[in-house]
Engineer: 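Sharing a structure with you now.
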Amino acid sequence: MKKLEAIIKPFKLNEVKQALHDIGVLGMTVTEVKGCGRQKGHTEIYRGSEYTVDFLPKVKIEMALPDHLVEQVVETIEKAAVTGKIGDGKIFIWTIDDAIRLRTGEHGDQAV
Amino acid sequence: MKKLEAIIKPFKLNEVKQALHDIGVLGMTVTEVKGCGRQKGHTEIYRGSEYTVDFLPKVKIEMALPDHLVEQVVETIEKAAVTGKIGDGKIFIWTIDDAIRLRTGEHGDQAV
Amino acid sequence: MKKLEAIIKPFKLNEVKQALHDIGVLGMTVTEVKGCGRQKGHTEIYRGSEYTVDFLPKVKIEMALPDHLVEQVVETIEKAAVTGKIGDGKIFIWTIDDAIRLRTGEHGDQAV
Amino acid sequence: MQNRRARLGRSYNRFWLLAAGMFFSGLAVADSSVTPPVNAAAAAINPGDNAWLLASAALVLMMTAPGLILFYGGLVRSKNVLGTMMHSLILMALMSLIWMVYGYSVAFGEGNAFFGNPLQYFMLNHVGGAPNPDYAPTVPQQSFMLFQMMFAIITPALISGAIAERMKFKAYVLFVVLWTTVVYLPLCHMVWGKGGLFNWAAGGKVPVLDFAGGTVVHISSGVSALVCALVLGKRLGYPHEPMPPHNVVLSLIGTGLLWVGWFGFNAGSALNAGALATSAFAATHFSAAAAALSWAGMEWLLKGRPSVLGAASGMVAGLATITPASGFVTVPAAFMIGLAAGGVCYLAVTKLKAAWNYDDSLDVFGVHGVGSITGMLLLGFLANPAVNPAIADTFEADGRAVSLAGGVHQFLNQLAGVAFTIALSAAATFVLLRVVRGATGSLRVAEEEESLGLDLTQHGEKAYND
Amino acid sequence: MQNRRARLGRSYNRFWLLAAGMFFSGLAVADSSVTPPVNAAAAAINPGDNAWLLASAALVLMMTAPGLILFYGGLVRSKNVLGTMMHSLILMALMSLIWMVYGYSVAFGEGNAFFGNPLQYFMLNHVGGAPNPDYAPTVPQQSFMLFQMMFAIITPALISGAIAERMKFKAYVLFVVLWTTVVYLPLCHMVWGKGGLFNWAAGGKVPVLDFAGGTVVHISSGVSALVCALVLGKRLGYPHEPMPPHNVVLSLIGTGLLWVGWFGFNAGSALNAGALATSAFAATHFSAAAAALSWAGMEWLLKGRPSVLGAASGMVAGLATITPASGFVTVPAAFMIGLAAGGVCYLAVTKLKAAWNYDDSLDVFGVHGVGSITGMLLLGFLANPAVNPAIADTFEADGRAVSLAGGVHQFLNQLAGVAFTIALSAAATFVLLRVVRGATGSLRVAEEEESLGLDLTQHGEKAYND
Amino acid sequence: MQNRRARLGRSYNRFWLLAAGMFFSGLAVADSSVTPPVNAAAAAINPGDNAWLLASAALVLMMTAPGLILFYGGLVRSKNVLGTMMHSLILMALMSLIWMVYGYSVAFGEGNAFFGNPLQYFMLNHVGGAPNPDYAPTVPQQSFMLFQMMFAIITPALISGAIAERMKFKAYVLFVVLWTTVVYLPLCHMVWGKGGLFNWAAGGKVPVLDFAGGTVVHISSGVSALVCALVLGKRLGYPHEPMPPHNVVLSLIGTGLLWVGWFGFNAGSALNAGALATSAFAATHFSAAAAALSWAGMEWLLKGRPSVLGAASGMVAGLATITPASGFVTVPAAFMIGLAAGGVCYLAVTKLKAAWNYDDSLDVFGVHGVGSITGMLLLGFLANPAVNPAIADTFEADGRAVSLAGGVHQFLNQLAGVAFTIALSAAATFVLLRVVRGATGSLRVAEEEESLGLDLTQHGEKAYND
Ligand SMILES: Nc1ncnc2c1ncn2[C@@H]1O[C@H](COP(=O)(O)OP(=O)(O)O)[C@@H](O)[C@H]1O
Ligand SMILES: Nc1ncnc2c1ncn2[C@@H]1O[C@H](COP(=O)(O)OP(=O)(O)O)[C@@H](O)[C@H]1O
Ligand SMILES: Nc1ncnc2c1ncn2[C@@H]1O[C@H](COP(=O)(O)OP(=O)(O)O)[C@@H](O)[C@H]1O
């Protein structure tokens with residue numbers, strides 16, 4: 001089993017979710033995060049105090065997936081999330097030992 | 001060492017935390033997240049605009065654990081978090097290379 | 001490739017970010033979390049109802065890194081984040097299979 | 001509060017609920033011809049008094065919204081904030097309807113000792129520009145009607161704090177409509193209506209002093225709140241699960257607006273802009289100030305730190321407590337009443353609630369009920385003819401002159417009024433809740449709904465989004 | 001609204017924009033000598049009336065801030081809340097400047113049927129402590145000027161709800177300055193200014209009843225808002241992307257303050273603290289109450305649940321709808337107007353907007369435009385000389401006495417006023433937007449800026465931080 | 001602000017702090033007999049004037065809460081919002097207590113040129129329904145007392161902006177009690193009290209014009225704030241760590257309420273509802289408008305974008321600046337003063353603060369201090385007898401008639417008043433802070449507490465929960 005974590009621009013969340021639903025992937029967990037990278041931040045001024053803000057709002061989508069779905073999911077996210085501008089985000093993938101559905105106690109691929 | 005990540009219903013957080021304390025597990029990190037899965041969302045209406053909201057509030061608990069504790073922790077969470085209704089959540093487990101306590105610089109099982 | 005996750009005290013975020021920038025690490029994703037551990041919580045009272053709050057505000061920094069950078073990054077974070085008081089936080093490290101930059105489709109070390 | 005020359009009104013025994021049935025026909029007939037020209041009695045109207053009464057009416061409405069909706073809304077959990085605010089907002093609509101159709105008439109029409117004739121001012125007929133000398137001789141009766149309506153709006157709104165976070169909206173609406181009809185309007189007539197049982201200025205058998213609503217507003221709502229809390233039972237998870245206020249800032253804004261609005265509530269109750277209005281304004285202010293000191297002071301002593309919500313709660317307690325006394329006491333006496341209010345209400349909220357083990361979510365009983373009982377009784381001793389000469393020399397029904405100055409005699413009168421109000425409110429609320437439960441199936445939302453929150457399940461909304 | 005004795009004013013044809021050019025010279029000369037001593041006419045001033053008018057002016061400013069900024073600010077997404085609030089705040093500054101230099105003079109100076117002489121009160125010269133008997137004989141003209149200024153501030157602020165979340169700030173500023181000059185000030189003169197075309201009390205050819213601004217304030221802004229929404233186009237992502245209000249609590253606080261402030265708006269329009277003020281106060285209140293019931297009631301019937309934002313929207317709709325009628329109708333009639341308001345505006349916002357497929361972000365047209373058109377027309381039938389004797393017996397320009405009591409005749413007058421207001425507002429807004437686009441390059445911010453939000457891109461700020 | 005007939009009061013030298021010791025005995029004796037009947041002088045009372053003064057008193061309290069608590073609360077970080085709001089809230093209690101016991105008496109009792117007799121109105125004895133013709137002949141003295149109390153509440157509250165986010169609560173409480181006693185009350189007596197050194201209307205040696213509190217309220221608090229900021233030192237992390245306002249929306253709501261409330265502050269200072277009140281209302285409004293334009297305009301020019309907080313800061317600066325001048329200048333002059341206010345305060349906050357390198361957290365000095373100094377001095381040139389005839393012809397102590405119309409002569413008087421206020425405030429604050437540090441161990445909370453926030457460590461609460 002794999003864990004896949006995608007960091008995307010917030011306003012792309014709905015599109016990505018819809019695209020994943022369309023290929024039958026329903027389960028995911030989403031977190032509001034702030035990202036720092038090559039994308040330039042901005043300046044805010046409050047009564048003369050200028051702050052450079054490097055952290056930009058991003059959304060993190062986490063999914064546990066059976067191995068065979070990973071490639072398709074990556075492609076789907078790529079298609080839905082890309083704007084072509086800097087700051088589009090990343091996907092990270094790693095292997096997990098197990099997944100458990102709390103309600104039923106099911107393990108592994110059954111659980112996600 | 002293992003990393004364990006549990007997604008549960010928010011109002012179960014206190015119970016789960018208490019149950020974990022009772023078996024001597026004190027360290028954990030908690031994030032407010034939104035989840036999407038089989039549990040049905042709801043509809044909101046604002047001045048005639050209807051929105052279907054698929055993302056439901058969930059809580060994510062993360063813990064780094066020595067290998068021998070994993071089974072017991074999983075059971076404890078299962079007991080405390082289950083309501084039996086759809087949407088109870090998941091546990092994901094994977095292996096980590098190392099853990100470090102910043103204050104002391106300790107590594108591995110000592111650090112968690 | 002490695003994934004590194006650091007849980008630190010919120011007011012240390014800027015210092016840590018700066019220190020990482022100084023060694024050339026620009027990309028990171030930050031989440032506001034709440035932590036529970038050995039650090040003691042506090043008591044709040046609202047109209048006579050006393051609540052013991054165990055969860056303290058922390059900040060989680062996530063980074064995907066090429067293997068060779070891990071050690072230097074850990075040291076940098078240790079230096080910048082430590083106050084020496086209980087509750088300074090942890091670092092967890094694990095191996096990831098792949099990283100992808102959405103904008104370009106690059107994989108692996110190129111992507112981070 | 002009232003004109004001093006009094007006669008017992010004739011008693012109308014026709015059952016006044018039939019008035020409600022006439023609503024729609026009323027809409028048609030009451031339109032134009034029946035309302036007397038607003039300028040008819042302009043000669044008697046003092047613009048200064050009317051300006052103050054209109055401003056006061058606006059201030060009292062501001063107490064409900066945004067005052068009370070902020071104060072209460074901030075204290076609940078974020079999933080229930082809209083539902084809690086709706087409890088008050090909907091009363092601005094519902095109570096106005098009732099007031100127009102039969103409410104004002106039952107409260108202030110001539111009637112017997114318990115209620116007024118619901119037909120006299122049915123659809124606010126005959127309530128126009130001419131003053132009603134029985135109540136306020138220098139302003140249009142319509143101004144008096146508007147000012148009093150604002151009281152009828154906020155009183156049931158206060159109760160909503162006790163049932164917050166768990167009552168079904170439909171059941172709530174039915175309950176407040178019945179409660180207003182059965183408890184508020186009669187009580188208002190008894191205390192302030194011409195010929196009312198407790199109306200010291202207009203021939204009541206038991207002359208109870210209540211300047212701006214200790215019995216009518218705060219004890220009635222506070223005691224009914226307690227009964228509601230007991231009948232509905234505790235919120236899911238109470239008291240184990242922490243339920244801290246979701247936004248104390250909202251409650252503090254509400255506190256400020258309540259204090260400011262209360263100047264209209266109490267000083268407006270003088271019904272003119274003379275020295276008595278000023279005196280009531282002063283008493284109101286100093287009681288609030290004192291109660292903030294004593295509540296926060298007790299916390300500082302007992303818990304080591306004064307809390308901000310504690311200071312704010314003290315302010316509201318001081319305001320509720322001085323309400324009945326505001327037109328009858330000196331500034332130092334008001335300050336003392338405020339000191340007592342902060343202490344007593346703090347103990348009610350922290351100790352009594354724990355001892356009796358009920359879940360009055362936002363402490364309506366502990367603050368408004370206990371506070372105003374304290375105020376009513378202290379007033380029995382502190383009422384001062386030097387402040388309000390009208391009580392120096394009042395008349396009983398048999399024509400005998402009596403003074404209502406503070407002392408044991410007046411204390412017993414106050415006690416009678418308080419006891420009656422408690423009994424009526426508690427009994428009626430208990431019965432009405434059973435009626436409502438019968439009519440709506442259950443008083444509370446389902447457990448799942450309660451855990452999702454009222455905003456989503458009762459109203460289909462969430463307060464906070466991106 | 002106006003003194004009844006009327007003469008057609010002389011017509012000034014000098015192009016009044018030249019007045020603006022004289023601003024800085026005016027600053028120098030207008031300083032002291034030209035303003036008459038404020039106490040000169042103190043004898044004629046009634047302090048009660050003046051107290052009420054000043055309080056009302058303060059209440060109307062409170063409607064803009066914090067009332068409207070809260071109501072609107074809560075309804076947008078969090079990235080645009082400051083920009084949205086700024087749309088109203090900046091008008092408190094800009095409109096005051098215009099009002100001082102030439103605005104009051106164009107609106108209330110003597111002139112022709114369409115606008116007043118911009119030089120008569122240039123730099124508020126001659127607007128001092130002495131009453132202007134044409135408008136308000138018992139208060140300083142300066143009080144009248146201040147009260148009317150608050151209307152000039154809130155009217156363009158209402159429009160901003162339609163262009164929220166996408167208009168360039170520079171373009172917005174230019175637009176509201178032009179719009180006020182070309183639409184608001186002339187309309188104000190026509191309806192309320194001495195000799196204005198629609199001024200029923202002062203010799204207008206078409207006697208249109210509009211007590212507190214159905215045409216001048218709500219229809220003008222509502223219709224202009226619709227045109228703005230159509231010309232600017234939809235927000236990025238609308239209607240696919242969810243755009244729920246970011247903080248309904250803010251909007252509810254705003255609703256409460258709007259209701260309270262509207263007492264100043266409508267009852268203050270009596271320009272004294274007599275019985276007519278009370279009557280307008282009452283009509284205002286009951287319409288708001290009724291509209292909340294009908295809007296929330298329709299949701300309950302059609303959607304199974306009454307929403308809190310729906311009840312609040314109904315309140316605002318009821319207030320906008322009764323505005324023109326508030327000084328002319330009985331309480332039951334006001335209640336009926338309110339019931340209609342809630343129903344009609346609900347349908348406008350839910351059905352009409354969907355059918356016509358425009359993005360009026362905060363429903364300015366559906367609530368203010370549609371509401372006040374409804375109110376103006378219903379008033380044609382319900383205007384009641386028993387409430388406001390002044391309309392029983394007015395004079396046409398030829399000296400013939402006519403009554404403006406409700407009926408087909410007056411309905412047609414109202415219809416004419418409404419139609420003219422719609423035509424002027426729509427046409428002028430359409431043209432002015434083209435002018436502004438020409439001057440500022442584009443009306444909207446760039447797509448990237450829109451997705452980042454106005455707060456950051458137009459003002460360099462974020463509303464919410466740690 | 002004052003009755004024109006003046007005599008130098010007799011000087012009382014008994015040390016007035018002993019009055020405080022008599023508090024509890026006072027509570028007992030002052031109860032009833034000593035307060036004159038409130039209706040005694042009803043004949044002289046004008047209900048219109050009293051209505052306006054009571055409304056104004058309510059508006060000024062609204063400036064403190066919810067106005068200032070919102071404005072300040074929004075500007076701090078979320079961990080300190082309750083503590084910051086408490087700084088103002090607790091003054092509503094504490095200052096009222098002081099005012100009742102000896103404050104009013106020291107400020108407005110007859111005394112010498114520096115303070116009044118603390119025993120004259122001890123426990124507000126003799127402050128009842130009868131007017132005090134020395135101050136306000138048409139309203140109960142109690143109304144005047146209430147109105148002035150609201151000023152005593154907000155003045156130290158302003159200072160709290162400078163010590164926000166780091167001062168120990170206990171030290172704060174002690175400081176404001178001492179500061180009020182040593183700085184505010186004497187200054188109030190000197191400028192407005194009968195026989196006060198600077199009282200132009202009542203025999204002051206140096207006739208300083210200060211209509212509503214440029215010296216007494218804004219310069220005193222602004223300068224003391226600067227000294228506090230310097231003595232306390234910077235917040236941890238300032239200026240490296242970003243400390244943006246946690247909720248600008250709160251500050252904007254506060255701005256709206258401050259503007260509205262300021263009408264009570266300035267126009268209420270006329271102490272009646274006549275033309276002078278209207279004139280002060282107008283000056284207040286136009287100055288705020290102008291300052292918003294100039295502050296936001298400077299940002300637009302210098303930084304490329306006008307900020308919303310900038311516009312709001314300009315409004316507050318315009319209001320603080322016009323305060324002393326509001327009863328003495330024409331509308332165009334007020335507008336010019338506002339333009340100056342926005343520019344000067346913008347520079348003070350952005351350049352001067354950086355240059356002098358202090359951490360006045362919420363810019364009390366830059367906005368209130370610098371603003372009101374500007375206003376006091378400009379007033380020296382712009383004071384206009386056509387606006388306020390009372391200054392055309394005043395009397396010096398030797399009976400010689402002088403005019404206080406704008407010019408070099410009056411400018412020098414203004415300068416003297418400003419200089420004295422700066423010197424007294426700075427010196428006293430410096431000394432008092434040492435006293436307080438001695439008494440409470442330290443002025444600041446511990447570093448760990450500062451980083452956890454005042455809400456949790458000083459009050460055991462958090463503002464925002466689920
Ligand atoms: N090494 C990294 N580890 C974790 N998150 C990263 C890393 N680099 C970038 N990110 C996340 O991805 C987001 C986008 O990255 P950025 O470098 O700005 O643009 P791009 O994805 O186009 O290269 C960042 O805001 C951050 O949240
Ligand atoms: N594949 C997945 N990867 C990550 N999180 C998931 C996944 N599936 C479900 N979740 C999380 O678990 C929560 C519960 O899942 P759901 O399918 O609704 O019910 P159940 O756990 O009872 O099967 C979801 O809201 C989501 O947060
Ligand atoms: N086993 C764990 N798994 C995940 N997070 C942990 C664990 N132990 C501690 N943490 C996180 O680290 C933070 C600091 O831990 P704590 O035990 O309080 O102090 P210290 O890091 O000094 O030992 C906690 O608040 C929590 O967020």
Side-chain angles (χ1 to χ4, degrees), chain E residues 26-27 30-33 35-39 41-42 45-51 54-55 57-58 61-62 64-67 69-70 73 81-83 85-86 89-90 92-94 96-97 100 123-124 128-129 139-140 142-143 145-146 149 169 250 253 455 458-466, chain F residues 46-49 51-52 55 59 77-79 138 242 244-249 252-257 259-260 263-264 267 272-279 281-282 285-286 288-290 292-293 296 303 305-309 311-312 314-315 330-333 335-336 382 384 386-389:
Chain E
L27 264 178
D31 187 11
S32 69
S33 55
T35 305
V38 287
N39 290 323
I45 291 173
N46 181 311
D49 291 338
N50 201 33
L54 292 182
L61 188 70
M62 187 185 81
T64 298
I69 63 173
L70 279 163
V81 58
L82 297 183
M85 293 175 113
M86 183 68 158
L89 286 172
I90 200 65
M92 295 163 71
L94 278 177
S96 304
L97 173 59
M100 176 179 75
M123 291 305 285
L124 297 177
V139 299
Q142 208 174 35
S143 295
M145 176 278 289
L146 287 166
M149 176 174 60
F169 185 64
L250 296 184
I253 311 173
D455 296 3
Q458 302 295 294
H459 307 292
E461 294 163 296
K462 264 189 338 219
Y464 306 113
N465 299 290
D466 299 332
Chain F
N46 181 310
D49 290 340
W52 178 241
L59 283 170
R77 287 164 293 173
S78 61
K79 62 185 175 185
T138 62
H246 91 283
N247 190 333
V248 180
V249 170
L252 298 183
I253 311 174
T255 302
L257 291 174
W259 188 327
V260 171
F263 291 138
N272 60 49
L276 184 58
T278 298
S279 181
F281 192 115
H285 180 89
F286 284 98
L293 290 179
K303 297 288 173 181
R305 291 186 291 215
S307 79
V308 185
L309 182 59
M315 290 171 183
T330 64
V331 164
F335 198 88
M336 277 197 297
L382 297 169
N384 193 327
V387 170
N388 191 331

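Letters A, B, ... are given to chains in the order of the sequence lines, protein chains preceding strands, and every chain is numbered from 1. Here the structure is a predicted model, which means the values were calculated and not measured.
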Engineer: Under a 4.5 Å heavy-atom cutoff, which of F:Ala288, F:Gly264, F:Ala282, F:Ala312 has the most pairs with chain E?
Structural biologist: F:Ala282
Engineer: Which atoms of E:Met85 are under 4.5 Å from chain F, going by heavy atoms: the side chain, the backbone, both sets, or neither?
Structural biologist: side chain
Engineer: Under 4.5 Å from any heavy atom of chain F, what part of E:Leu82 do you find: side chain, backbone, both or neither?
Structural biologist: both
Engineer: As an exercise: rank E:Ala55, E:Ala65, E:Ser96, E:Gly83 by heavy-atom pairs under 4.5 Å with chain F and give me the winner.
Structural biologist: E:Ser96
Engineer: Measure the shortest side-chain to side-chain distance between F:His285 and E:Met149 over non-hydrogen atoms and say whether it is less than 4.5 angstrom.
Structural biologist: yes
Engineer: Quick one: of E:Gly48, E:Gly73, E:Gly67, E:Ala58, who has the most non-hydrogen atom pairs under 4.5 Å with chain F?
Structural biologist: E:Ala58
Engineer: Against chain E, work out which of F:Gly314, F:Pro245, F:Ala311 has the most heavy-atom pairs shorter than 4.5 Å and name it.
Structural biologist: F:Pro245
Engineer: Would you mind telling me which of F:Ala292, F:Pro306, F:Ala277, F:Ala51 has the largest number of heavy-atom pairs within less than 4.5 Å of chain E?
Structural biologist: F:Pro306
Engineer: Report the C-alpha distance between E:Asn50 and F:Trp52 in whole Å, list the side-chain angles of each, state the deciding distance to 0.1 Å, and finish with yes or no for side chain to side chain contact (heavy atoms under 4.5 Å, CB included).
Structural biologist: CA-CA 9 Å; E:Asn50 201 33; F:Trp52 178 241; over 6 Å; no
Engineer: Answer yes or no: is there a donor N or O on one side and an acceptor on the other, between the side chain of E:Glu461 and the main chain of F:Val308, under 3.5 Å?
Structural biologist: yes
Engineer: Nearest heavy-atom pair of F:Phe335 and F:Phe286: which atoms, and what distance?
Structural biologist: CD1-O, 3.6 Å
Engineer: Below 4.5 Å from any heavy atom of chain F, which atoms of E:Leu54 appear? Answer side chain, backbone, both or neither.
Structural biologist: both
Engineer: With E:Asn465, which residues qualify under side chain to side chain contact (heavy atoms under 4.5 Å, CB included), at least two apart?
Structural biologist: A:Glu44, A:Tyr46, E:Lys462, F:Pro244
Engineer: Given a strict heavy-atom distance threshold of 4.5 Å, which part of F:Pro47 is in contact with chain E: side chain, backbone, both, or neither?
Structural biologist: neither
Engineer: What closest approach, in Å, do F:Trp259 and E:Met92 show between heavy atoms, and which atom pair accounts for it?
Structural biologist: CE3-CE, 3.3 Å
Engineer: What are the two closest heavy atoms between F:Met315 and E:Leu89, and how far apart are they?
Structural biologist: CE-O, 3.4 Å
Engineer: What pair of heavy atoms forms the shortest contact from F:Val387 to F:Ser279, and how long is it?
Structural biologist: CG1-OG, 3.4 Å
Engineer: I need the residue from F:Asp49, F:Asn272, F:Leu252, F:Leu257 with the largest number of non-hydrogen atom pairs under 4.5 Å to chain E.
Structural biologist: F:Leu252
Engineer: Check whether E:Ile253 gets within reach of chain F through its side chain, its backbone, both or neither, counting any heavy atom under 4.5 Å.
Structural biologist: neither
